[in-house]
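Residue numbers start from 1 in every chain, and the chains themselves are labelled A, B, ... in the order their sequence lines are given, proteins ahead of strands. Below, each value reflects all heavy atoms present in this structure, side chains not excepted, and no hydrogens, waters or symmetry copies. Please read all numbers here as calculations on a predicted model, not as lab measurements.
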Amino acid sequence: MKRLAIIDVERCVGCQLCMFACSRRLGFAGLDKAALYAKSVGGFERGFTVIVCRACIDAPCLRACPVDALRARTGGGVLLDPSKCIGCRFCEKACDIRAIFWDDSTNKPVICVHCGYCVNYCNFRVLGIEETGK
Amino acid sequence: MMNQNNVLYIDLERKCFHVRNRSDLFNEWLGGVGVALQLYKEEAVRGATPFDPGNVIVFAIGPLTAFYPLASKVVAVFKSPLTGNYGESHAGGRSATAIRSAGYEAIVIKGVSDRPIYLVISEKGVQFRDAATLWGMRSTYTVGRVLREALLGAGVRTIMRIGRAGEKLVRYACVVTETYRHFGRMGLGAVFGSKKLKALIIYGKSSIRAPKIKVYRDAYDEIYGLAIKSDSMKKYHELGTALNVLPLNALGALPTKNLTSNKFEEAERISGESLASNKLGRRVACSHCPVACIHLATIREPYPDEPYFYKTTFVSYDYEPIYSLGSMLGISNVDDLLKLMDEVERGGLDAMSTGVALAWATEAYKKGFVKSNDVLVDIDWGKVDAYRVAVEFVLNQPNEFYEALAKGIDYASKVYGGKEFALSFGGNEMPGYHTGPAAYIGYLIGSRHSHLDSAGYSLDQKTRGLTPDELVDRLIKEECWRQTLSSLVVCYFSRSIYEPSVVKKALNALGYESNEEELEALGRRIYEEKQALKASEGFDPTSLRAPERIFETPSLHGFIDRDYIRTALEHYSKVFKKIVEKTF
């Protein structure tokens with residue numbers, strides 16, 4: 001299985017094309033449907049932080065979900081069943097790297113499914129796809 | 001069509017706001033400059049001077065914003081304190097995406113606040129916040145740092161702010177956004193200052209949906225493919241706009257020492273190649289731009305009082321500040337140049353006007369038009385320390401001379417003389433292209449007297465032997481199409497990508513039914529609207545003059561012919577008159 005990975009965050013120019021791509025998967029123009037997040041480390045000159053789901057094998061977000069809306073994804077990470085999700089935001093709080101984002105319009109989490117669509121638009125090879133081994 | 005077409009109206013005097021859907025305007029004028037111009041006409045008080053409460057600031061994005069790559073710009077429209085007429089400036093950074101994310105497509109700011117304020121704008125509306133603490137801060141960097149820490153929206157917001165230049169109403173004060181991008185020209189910063197408006201922070205979480213996902217994604221991929229494969233985009237990524245220094249110098253088109261020369265013998269030292277090899281620290285991008293043309297150089301300075309203790313400063317550089325603060329002032333030491341750029345950036349001044357103003361002041365001083373008790377510091381070509389002090393004087397205006405210089409060289413040269421070498425066109429200090437007649441006619445007849453109106457510098461490099469009438473018509477044609485581009489709103493660097501057929505495809509994929517002819521006709525109409533507006537504000541094309549200096553220094557086309565320029569201006573006056581008669 002594959003996962004989305006940061007290859008070299010120092011190459012990030014902050015163009016946000018990855019975030020636009022992630023929103024565009026679903027036909028949206030904007031940034032708030034994105035399951036990853038690039039922001040400056042306090043001013044553009046200091047570079048950027050790119051937050052992506054690490055595809056945990058034993059995912060804390062999954063363990064925090066009280067209604068079984070998250071299930072383990074083969075190869076790491078989780079998959080969301082929105083019909084079960086009650087919007088409690090426990091998963092969001094359980095993720096220490098803050099890779100779970102929130103869609104205010106649906107009141108549900110936005111979680112990376114490691115599809116790699118964003119990688120196609122990262123012109124600077126910050127993002128890549130990595131084999132997880134199983 | 002899925003755009004919300006919401007316009008946010010803000011009244012600084014009454015500290016109130018409201019939102020109105022203006023699909024009427026967006027349907028007719030697309031967005032960006034097309035809509036901003038109409039909002040300006042609706043909201044600005046007729047005859048209001050630039051610093052009157054009746055002057056308004058309009059920001060607008062367009063139908064492509066957030067949908068497509070390189071649609072990364074915001075258009076600002078206002079009355080310019082530098083030219084006294086129509087003002088327009090574009091900037092990138094995060095500003096365009098942030099306005100879209102906050103749920104608006106245009107923002108109108110009117111009135112004057114009774115005290116310094118800054119505004120926090122989101123989907124929830126506008127918070128009016130006390131800027132007493134921020135007012136008078138030495139550096140625009142610090143203002144940015146403070147606001148970054150204090151407010152929400154990291155990564156998806158824009159922080160537009162002015163520096164001391166704007167507060168002190170320097171007529172060429174800029175508005176800085178995301179620290180390294182600017183609404184640079186024509187004095188928007190001074191209009192902010194006159195309204196006691198220190199900063200705007202805009203953020204939000206809104207998205208819009210394309211009507212047909214697959215059609216939209218296919219159109220996107222086509223444009224993205226064009227963008228990343230294009231040669232010009234590659235060049236802008238590698239060396240940035242600074243790549244132009246050596247070619248323009250080789251052509252004899254690099255204005256040097258107030259255009260007493262068309263070549264800078266030390267151009268190599270301040271070239272894009274030299275900066276990229278020796279000083280480049282990081283490249284960054286505007287939101288939704290795969291090019292990343294923003295080049296940040298580093299200066300490493302030891303502190304004199306302690307060994308091995310250094311300060312590292314990042315300075316954004318582009319062709320224009322290299323020209324205006326480098327070759328124009330005879331500065332070739334790259335560290336000196338970067339320090340001067342940094343000083344200008346911290347103060348919130350437009351680099352181009354500042355450099356050209358200091359170049360004029362230097363020549364006026366050397367020729368005795370102004371005295372040492374006017375300039376207060378011994379300015380001379382290459383003397384960076386003196387120029388750094390002079391920049392501080394422009395900001396503080398300690399005497400009448402600097403008060404005049406802060407009003408631009410058109411004004412200062414009327415008071416002190418030296419008009420023949422005051423490189424100002426329609427009131428706007430010249431950009432860095434001494435390429436030939438098209439560049440100068442472009443500065444004179446362009447709606448905002450900018451090289452960006454019609455790119456005459458490019459026409460000069462591509463053509464020979466055009467008649468004056470042909471040349472004017474070509475420039476106007478280019479300016480018309482640029483109205484369409486800045487209604488979408490896309491970055492002009494991507495103009496070779498956003499050709500009419502591509503624009504049509506991009507819009508059609510979003511449900512707009514425009515075709516190439518309509519898009520071109522729209523650009524023409526917006527151009528005509530601008531000319532009519534300028535006429536109503538008192539602009540008279542027959543009053544346009546070029547300073548003598550441009551005829552004295554040979555260009556890429558040799559010595560520029562006075563008669564050629566005069567004939568071209570006569571032709572433009574006729575075109576202008578016809579437009580105005582038709583529109584009224």
| note | Assert top hit (heavy-atom pairs under 4.5 Å, partner chain B, pool Gly14(A), Gly30(A), Gly27(A)) equals Gly27(A)
| Option in Ala21(A), Cys122(A), Ser40(A), Gly42(A) with maximal non-hydrogen atom pairs under 4.5 Å from chain B |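 Counting heavy-atom pairs under 4.5 Å, the top option is Gly42(A).
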| Judged by atom type as modelled, is there a donor-acceptor pair below 3.5 Å linking the side chain of Arg209(B) to the main-chain atoms of Phe28(A)? |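 Side chain of Arg209(B) to backbone of Phe28(A): no pair is present.
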| Donor-acceptor pair, side chain of Lys205(B) and main chain of Lys33(A), under 3.5 angstrom |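 Between the backbone of Lys33(A) and the side chain of Lys205(B) there is no qualifying donor-acceptor contact (under 3.5 Å).
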Side chains of [X] and [Y]: does their closest heavy-atom pair fall under 4.5 Å?
X: Arg94(B); Y: Gln16(A); value: yes
X: Phe124(A); Y: His237(B); value: yes
X: Ile213(B); Y: Leu26(A); value: no

| request: Between chain A and each of Cys289(B), Cys286(B), Ser72(B), Ser206(B), count heavy-atom pairs under 4.5 Å; write down the option with the most. | output: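 Heavy-atom pair counts peak at Cys289(B).
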| query | Ala154(B), Gly281(B), Gly93(B), Ala292(B): which one forms the most heavy-atom pairs within less than 4.5 Å of chain A? | reply |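 Looking at each of Ala154(B), Gly281(B), Gly93(B), Ala292(B) in turn, Ala154(B) comes out on top.
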[X] atom [atom1]: more than 12 heavy-atom contacts under 6.0 Å:
X: Arg63(A); atom1: CZ; answer: yes
X: Arg89(A); atom1: CZ; answer: yes
X: Arg145(B); atom1: CZ; answer: no

| Checking Arg11(A) against chain B: side chain, backbone, both or neither under 4.5 Å from a heavy atom? |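 Neither the backbone nor the side chain of Arg11(A) comes within 4.5 Å of chain B.
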| Which atoms of Phe20(A) come close to chain B, meaning under 4.5 Å heavy atom to heavy atom: side chain ones, backbone ones, both, or neither? |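 It is the side chain, since no backbone atom gets that close.
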| Looking at Tyr117(A), does the NZ or CZ of Arg217(B) lie under 6.0 angstrom from its six-membered ring centre and within 45 degrees of the ring axis? | yes
| request: Under 4.5 Å heavy-atom distance to chain A, tell me which part of Ser287(B) shows up: side chain, backbone, both or neither. | output: both
| Parallel, tilted or perpendicular: ring planes of Tyr121(A) versus Tyr220(B), cut at 30 and 60 degrees | perpendicular
